[in-house]
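Since we're looking at a predicted model, the values are computed, not measured.
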Amino acid sequence: MKKIFLYFLFCVFLPCFMGASVSVGHLFVKISDAMEQTKRGNFAEALPILEDLRSDFNAMQENDSVKGKEFKTSLEIALKNPKIEELEALSSALIEFEREQNPIDYTAKRKQFEKRVMPLFLQLEQETKNQNAEALPQLYKRFYDTWQRNERIVGDTSPGHYGQIETALSLYRVAMVSEPMNFDSLSEQTKKFKTALESFVLGETLEIQSLENAPQTLLAGLKLLREAREEFPHNESKAKDAILTFITQWPIFEGEVRTRDAVLYNRIESELPEIISKGNDAENLKHFSSLIESIESLDVEANYTLFDAAIILLREGLEALLIVMALLAALEATKQNRGRALVIGGAICGIGLSFVVALLLTLLFPLATAGANREILEGAVGIIAVVVMLFVGAWLHSKSSLAGWQSYLSSQMGRALSSGSLAGLFGLSFLAVFREGAETILFYAGMLPKITMSAFLSGIVVAIFILVAIAYFMRIFAKKLPIHLMFMFMSWLLYCIGFKMLGVSVHALQLTNILPADILPFSSMTVIGLYNTTQGIALQGAYVICVVGIVCWHKYFRTLKQFQYNKHCTES
């Protein structure tokens, strides 16, 4: 089933884009199939798949390139010993071949990095020289946030520079949160990441130089942190050295955390320097233990499960479902079948285009940049959806009159629908589904090599069942409400979703540096889509003002109509 699904994507749309880049998607499918057979212990079944993979790769004109030869070497090893470890190495070799054949303009990327990162660094350097203890924490946060949004270009092209900068930043934070602030150490670390930054900007590359006997995997690093925790009460200096070794090696295995738990990834980077600074304090050691437990709960060797497959669809699909159901409930209450058909049609079109865009992102862009382009797409589509949502929310709000006005509204409904609201309903349904659809498909594409087909399909079925149940109960709930209250509830539901969607969309564009981001001194509230940037809060503030304006306008309009209606009744 998985093979049919992926071949449909790659074989139906691939001919349209053959001139754009060297496509290796079909080769990943074969590696995925071989992995699935190997997980089941069917090594004999995996061999024909790998032999077929060899034939397909040898048929490619580019197979004798440097990375092509490395891939063929990995393939021969996998043919002799078709185990998961060898197949994962084969997959990595194919990624390197894909990057070689579809290169990124790294010269332009370095210039872009220099333009975005260096001005903030120069400010940080100057305030460090001035020993401005009051300004440094906020300035460091701004620089660090900017670094995080641009670090991938460094990690992809020069792992050594990436490791040096990450280590220097961590040690800078250690010195900054010390009491009193350690300006000698701050100055030393500033010089270190200045050297690394300038070297990278000049186009130099550097491989990671691993320390002797230092951890090379997250599991080994976790063991080192456990030892540091046990050592703290007896030898604080030795414990701190162990944590510093972990920080130095962190760039080697940070991806194992980043891909599974972004929140934990940020916690590790921000909290370890503070733990070093605070030392052998009871509360600090308790905090250190809590961080270690969080890392321990992250089973990096485990495959994905039914739950993982289900939660992706639930997480990505719930907002879209709520929007679509809000529109359908409103239209069903007014017997507008034509409008219902357009909402459903918009959702179906959104699903269809999601498949096309997911394929385009994997075919037309190297794997390293597909995720960034997905963020840009999600952000742009989300902002457009919020604008449409305001208009549709206003339309719903206009129908949430008092019970005495229901007959009046019923006579006006057809006119409202025929005068442009249909396009808005179709557009909002389409954008809501499309915004989440492409991302969901890409998540599943990355998950497939590490999940059994039965767990994958079962997870999707469970998620669909839950979403259908939510839709059913929402429909029953809407039917029990008086029509004007139902319209009121649906309009406010759209307004609330729009507030969160706007925040998330702006944040996605800030992460990819499409929009600037000035960090404010408070924590983000991601549950409601509120992020600590001036630009995001300003746009959400403008959104709230628009919503309040819509509500006030409709209240004034209803009061006026009620007055006219009462006057008409009196005269009659």
Side-chain angles (χ1 to χ4, degrees), residues 142 145 315-316 318-327 329-330 375-402 416 420-421 423-425 427-436 474 478 481 484-512 514-561:
R142 287 180 59 202
D145 288 343
R315 183 186 64 200
E316 303 300 328
L318 186 57
E319 279 185 13
L321 174 71
L322 291 176
I323 292 171
V324 171
M325 287 305 300
L327 299 180
E375 294 280 0
I376 294 171
L377 177 71
E378 181 184 353
V381 173
I383 289 176
I384 296 171
V386 169
V387 174
V388 177
M389 200 176 297
L390 271 176
F391 285 102
V392 175
W395 172 75
L396 287 172
H397 208 105
S398 70
K399 313 307 173 218
S400 59
S401 74
L402 298 173
S421 293
L425 297 175
L428 180 54
S429 175
F430 166 77
L431 291 170
V433 174
F434 172 57
R435 177 179 173 271
E436 308 295 348
M474 188 174 177
L481 283 176
H484 70 285
L485 291 181
M486 187 272 294
F487 275 114
M488 178 69 76
F489 173 77
M490 296 305 175
S491 63
W492 280 108
L493 176 64
L494 288 187
Y495 290 148
C496 292
I497 293 175
F499 180 86
K500 179 180 180 181
M501 187 180 291
L502 179 60
V504 171
S505 300
V506 170
H507 182 63
L509 294 177
Q510 288 174 327
L511 287 175
T512 49
I514 301 299
L515 293 178
D518 295 320
I519 308 300
L520 296 173
F522 65 85
S523 299
S524 299
M525 291 180 280
T526 57
V527 174
I528 61 172
L530 186 66
Y531 293 87
N532 60 339
T533 65
T534 302
Q535 293 79 3
I537 290 176
L539 287 171
Q540 285 177 307
Y543 175 85
V544 170
I545 291 172
C546 287
V547 171
V548 172
I550 290 169
V551 172
C552 291
W553 166 252
H554 284 304
K555 185 175 181 180
Y556 166 77
F557 184 77
R558 286 178 194 152
T559 303
L560 180 61
K561 286 295 183 181

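Side-chain atoms of Q540 never come within 3.5 Å of backbone atoms of Q535 as a donor-acceptor pair (strictly under, hydrogens ignored). In this structure a side-chain-to-backbone donor-acceptor pair under 3.5 Å is present from Y543 to Y495.
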Applying side-chain contact (heavy atoms from CB on, under 4.5 Å) to F499 and L530, what does each step give before you reach the verdict? CA-CA 9 Å; F499 180 86; L530 186 66; 4.3 Å; yes
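W492 is listed as a side-chain neighbour of V547, based on a closest heavy-atom distance under 4.5 Å.
Residue V324 comes nearest to S429 through the heavy atom pair CG2-OG, 3.8 Å, listed as atom of the first residue, atom of the second, then distance.
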